[in-house]
Participant: 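One structure coming up, written as structure tokens, with questions to follow.
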Amino acid sequence: MSFGKGCHLHLIDGSAFIFRAYHALPPLTRKSDGLPIGAVAGFCNMLWGQLTQNKGKTGPTHIAVVFDYSSKTFRDDIYDKYKANRPELPEDLRPQFPLTRDATRAFNVACLEMEGYEADDIIATLARQATEAGGDVTIISSDKDLMQLVGNGVVMFDAMKNRTIDRDEVIEKFGVPPERVVDVQSLAGDSVDNVPGAPGIGVKTAALLINEYGDLETLLSRAEEIKQPKRRQALIENADLIRVSKRLVTLDAHAPVKETLDELEVRDPEAGPLMDFLSQMEFRTLTRRVADALKVEPPAMAENSLTPGHVDQMAAADAPPQPETVPFVHADYEHVRDRGALDRWIAAIREAGRVAIDTETTSLDEMRAELVGISLSVVAGQACYIPLGHRQGGGDLFAGDAPSEGQLPADAVLAALKPLLEDGSILKIGQNMKYDWKIFARLGIRIAPFDDTMLMSYAMHAGQHNHGMDGLSERYLGHKPIEIKSLLGSGKSAITFDRVPVDEAVKYAAEDADVTVRLWQAFKPNLHRAAVTTVYETLERPLVPVLADMELAGIRVDPNVLSRMSNAFAQKMAGLEAEIHELAGQPFNVGSPKQLGEILFDAMGVPGGEKGKTGAYATGADVLEDIAANTDLGRPADLAARVLDWRQLSKLKSTYTDALQNHINPETGRVHTSYSIAGANTGRLASTDPNLQNIPIRTEEGRRIREAFVAGPGMRLVSLDYSQIELRILAHVADIPALKQAFRDGIDIHAMTASEMFGVPLDQMTPEVRRRAKAINFGVIYGISGFGLARNLRIPRAEAQAFIDTYFERFPGIREYMDRTVAFAKENGFVQTLFGRKIHTPEINSKGPTAGFARRAAINAPIQGAAADIIRRAMIRMPQAIRGLPATMLLQVHDELLFEVEEAAVDDLISAARAAMEGAAHPAVHLDVPLVADAGQGANWAEAH
DNA sequence: TGCGTCACG
DNA sequence: GACGTACGTGACGCAC
């Protein structure tokens, strides 16, 4: 029949199918010859699902799978950097591409691709033809680039979420209807495809602008009218780039597609070729399933030719369903409301030997959080939620605090789960397990053993993306989980999880456990493939209980010391503010860089004001220091000097003496920070809420804040910090004999560098010469540049460059290390520490200023990362090293560990902790330089450090 | 929410 | 020859 009214065309985005399949499945290989085949397997399963699910009256009359032909398209001629950020194709995926075409043909489905065009263009063209002929179109994809096609008989279908994307969904995602989607995309750009867009404008702002002005061209022509200066400038200055972006994102609905719609009519698969293909691929279960459906005999395949670990693993009847092939169905999640249901779950967990677990609580602060419920999942698609502390009222303050219906008593549930959670033969799987670990620890349960999908991702993907659950789910499972905001709201009106109605909580919470178990299934086999199993098992996972215990312990902070300081700072600031207003000749907000800049450079006429990209004058400390030092200026110099003082006090007061008081836990009288293990790309920890890794020390006034961090009665604080650990690592990895010898001999490394560079004997060294050498030593670690060193030392650039040249001449190994590291990054897309930690450098091959950043980051990462690895190793061994001593490890500040210890045991602690720190690289790495840890102790942190 | 600023290693 | 530059973090206040 000829395509027309009543016909329904299904267009499957083939490339999306392949990538989803690849990332979701373990690296399966064909048993007979080791050919990588996982993506093909997933692709076939998904295609078969499409063909069978949609039989019937809503099913397609015409169907095609559409592929990208190659990476080069007409868009590369429009913009040479198009898709330049795309990561390299994985080695084992490349050979699977032609096989997916074969698969499509084997299923007797039209297989379309065209040189010079993306699959999206072909889809756009066919969709146009089909709707013009009066038919309907369903595009099987969730790619946002296709959303511009929705409407007038075209819908999209997200096969992963089993959800239709229509006009309303598009409006929800982009804030504009489908026909305006390209306008929004042109403005917002796309970092994945490297569509430039306008800087500083995201989807939200873009939608706002388009809705106000109607369309992109009107907006650009009336850009002058935009009130916000930043937006106005971004649009005016980037009009050309925005128009280029529009050409990039606009799909070509008139591509010269050879195939006619009629050729795409649905055809039944021919049993012969399809059976041949599937058995050739050695997909046992799928072959059988298809054979059943086609009512033919499956071809003979040796039963024992397939073994677990290969294709058969995923196809075996009792194997866990693969995340990719199991849809997310919220209605399937179970509300555990009675003892029988709980016992069934416990039995299933024991049977499986593993469980994904997630807790819901009343707060993100684990020290204040009350347990509200627990969710569990054993296999993809099946999960439950056990509500424990939900209250009626759902945010209505007058509805009372009565417990919700359908909840088991918390203590009984915890008593039933405790043996399971502490059972050495049952693996507990979490996403950010430190959180749940602490919640359970406060309830007397110590979880072990466990896996953490966040840390797995961190070990494999550091530098590529973040490792939060929602992001990982979207990226690796193609599923966007329910947002917590949709349950709790946000801002002032946000409710706590105990006020969420139980049936809503079931969907959200169980989904998290479901996602976690799927991520685990997806990641586990890949740890090996990425060669980071050791990193995960020795540097990430064991840190969880260590950090959890440190955070639970907290550090004692004396609020009286802080409030006295706050008052003193407030007084000084008021005095300075009055003087500043006097000097300015008018009152203004000293805390506003914008107003300050206008006072200095406009009202007072200081020359040389430089405006940044937002149009405001720069008034950073370096700028103000220059003005303050220029006594010819008179009043502006005085004003700048006072603003510098005011800024310092303001910082100390707002960030430290005021804010820290609010972080003292009323029950413990201590401050409990939270360390993020997977926050910093290099392997460093980051401390938040509050950040205890940036407590002042460099100025005397700031340093006194450390006096508020005190030891308990009869206790002392002990601090041990690595001496010059990054330079020692540099000496080792760059193999610099003179530096290594200096560290062995224990000489002042900066003085020695200066002596080598400038020919000054050590005993005649001046502080100034040493200072310069020190700056160069640090510069090397940061990926030195003449400009950077010149700015740091405030010397002419040529002079700085001359120093650097001398340095490289004297220590040629440094240059070699840098070149080697950058070359490695370009070749592999990541760099590595001595301990095997990988840090990805996706921008290393870009052009322009970005290249400089990426290059320096690549040089720094192995050094900073190795130092981070070393102190991690020390921390992980510390509980054992100080066992029996009345001491607790409290804080880590990158190269420093802070302990609280009974007075009598100070010396024992120092020797035990020092031994652990100085020996931390062993036995994994034998360093050519000694590691040295310096110790201090006192009643407070200022004395101890 | 993004930016400027500044605290730390 | 010009580009624009030290590495890694988190928190605060301002301005939109």
Side-chain angles (χ1 to χ4, degrees), chain A residues 199-202 204-205 208 226-232 234 463 589-597 612-624 643-644 647-656 658-660 663 673-676 679-699 702-703 705-706 721-722 724-726 775-793 797 800 804 839 847-865 867-868 871 891-896 945:
Chain A
I201 300 209
K204 290 272 158 60
T205 311
L208 213 70
I226 299 171
K227 287 184 282 293
Q228 298 87 345
K230 257 185 302 182
R231 291 179 191 171
R232 184 172 61 233
N589 184 348
V590 183
S592 161
K594 185 167 172 278
Q595 294 182 32
L596 174 65
K613 51 184 159 189
T614 56
Y617 289 112
T619 67
D622 48 349
V623 176
L624 296 186
V643 171
L644 282 167
R647 283 225 184 125
Q648 196 202 356
L649 295 172
S650 163
K651 181 78 172 186
L652 295 178
K653 183 170 186 294
S654 67
T655 309
Y656 301 104
D658 286 352
L660 270 176
H663 279 288
T673 185
S674 178
Y675 288 102
S676 51
N681 289 336
T682 54
R684 273 194 178 183
L685 301 179
S687 159
T688 62
D689 307 304
N691 181 356
L692 294 185
Q693 290 181 321
N694 71 345
I695 303 301
I697 192 166
R698 290 173 186 171
T699 67
R703 185 190 175 92
I705 290 169
R706 295 189 174 218
D721 68 293
Y722 281 113
Q724 309 287 7
I725 187 165
E726 293 191 353
I776 296 174
N777 276 335
F778 277 109
V780 166
I781 290 171
Y782 297 150
I784 200 158
S785 75
F787 183 93
L789 183 67
R791 198 168 66 170
N792 187 285
L793 286 175
R797 192 175 155 175
I804 294 171
I839 299 113
K847 297 270 170 280
T850 323
F853 282 113
R855 194 178 154 277
R856 292 191 295 272
I859 290 168
N860 174 260
I863 302 171
Q864 189 181 115
I871 198 165
L891 299 179
Q892 187 249 45
V893 192
H894 308 309
D895 63 358
E896 173 189 4
H945 187 82

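Basis for what follows: all heavy atoms, side chains included, without hydrogens, waters or symmetry-related copies. We name chains A, B, ... by the order of the sequence lines, and we start the count at 1 in each one.
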Participant: Is A:Ala868 touching bases, backbone alone, or none of the nucleic acid, heavy atoms closer than 4.0 Å?
Facilitator: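 Nothing, no heavy atom under 4.0 Å.
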Participant: Is the phosphate of C:dT5, meaning OP1 or OP2, less than 4.0 Å from a side-chain N or O of A:Arg791?
Facilitator: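 The answer is no; no side-chain N or O of A:Arg791 sits under 4.0 Å from OP1 or OP2.
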Participant: Just N and O in the side chain of A:Ser650: are any of them under 4.0 Å from OP1 or OP2 of C:dC12?
Facilitator: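 So the side-chain polar atoms of A:Ser650 never come under 4.0 Å of the phosphate oxygens OP1 or OP2 of C:dC12.
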Participant: Has A:Thr619 got a side-chain N or O lying under 4.0 Å from the OP1 or OP2 atom of B:dT5?
Facilitator: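 Yes, because at least one side-chain N or O of A:Thr619 sits under 4.0 Å from OP1 or OP2 of B:dT5.
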Participant: Taking the nucleotide of DNA chain C with the closest heavy atom to each, which residue, A:Phe787 or A:Ala659, is nearer the 5' end?
Facilitator: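 Of the two residues, A:Phe787 wins.
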Participant: Would you say B:dC6 has OP1 or OP2 under 4.0 Å from some side-chain N or O of A:Arg647?
Facilitator: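 Yes.
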Participant: Between the base of C:dT5 and the side chain of A:Arg855, is there any donor-acceptor pair under 3.5 Å?
Facilitator: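 Checked by distance alone, the answer is no.
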Participant: Let's test this: given Watson-Crick or G-U wobble pairing with both distances under 3.5 Å, identify the partner of B:dC8.
Facilitator: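 Paired with B:dC8, as far as the under-3.5 Å criterion goes, is C:dG8.
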Participant: Within this structure, what is the CD1-to-P distance between A:Ile705 and B:dC6, rounded to whole angstrom?
Facilitator: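 Atom CD1 in A:Ile705 sits about 16 Å away from atom P in B:dC6.
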Participant: For A:Gln648, answer base if it contacts any base atom (sugar-phosphate contacts may also be present), sugar-phosphate if it contacts only those atoms, and nothing otherwise; contact means non-hydrogen atoms under 4.0 Å.
Facilitator: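 Answer is sugar-phosphate: A:Gln648 comes under 4.0 Å of backbone atoms only.
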Participant: If you look at every strand shown and take non-hydrogen atoms under 4.0 Å, does A:Ile781 touch a base, only sugar-phosphate, or nothing?
Facilitator: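 Result for A:Ile781 = nothing.
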Participant: Using a cut-off of 4.0 Å on non-hydrogen atoms, how would the nucleic acid contact of A:Gly783 be classed: base, sugar-phosphate, or nothing?
Facilitator: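 If one applies the 4.0 Å heavy-atom cut-off, A:Gly783 turns out to touch nothing in the nucleic acid.
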Participant: Does a nitrogen or oxygen in the side chain of A:Arg856 sit under 4.0 Å from OP1 or OP2 of C:dT5?
Facilitator: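 For C:dT5, neither OP1 nor OP2 has a side-chain N or O of A:Arg856 closer than 4.0 Å.
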Participant: Taking any heavy-atom pair under 4.0 Å as a contact, classify A:Asn792: base, sugar-phosphate, or nothing.
Facilitator: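 Base contact.
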Participant: Under 4.0 Å, counting only non-hydrogen atoms across every strand here, what does A:Ala775 touch: a base, just sugar-phosphate, or nothing?
Facilitator: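 The answer is base, as A:Ala775 lies within the cut-off (heavy atoms under 4.0 Å) of a base atom.
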Participant: Please work out if A:Gln595 contacts a base, only the sugar-phosphate, or nothing of the nucleic acid, heavy-atom cut-off 4.0 Å.
Facilitator: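 Contact class for A:Gln595: sugar-phosphate only.
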Participant: Heavy atoms under 4.0 Å, any strand shown: does A:Arg797 hit a base, just sugar-phosphate, or nothing?
Facilitator: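 Here A:Arg797 touches the bases of the nucleic acid.
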Participant: Using a 3.5 Å distance criterion without hydrogens, assess whether the side chain of A:Arg684 forms a donor-acceptor pair with backbone atoms of A:Ala868.
Facilitator: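 No, because the side chain of A:Arg684 does not come within donor-acceptor range (under 3.5 Å) of the backbone of A:Ala868.
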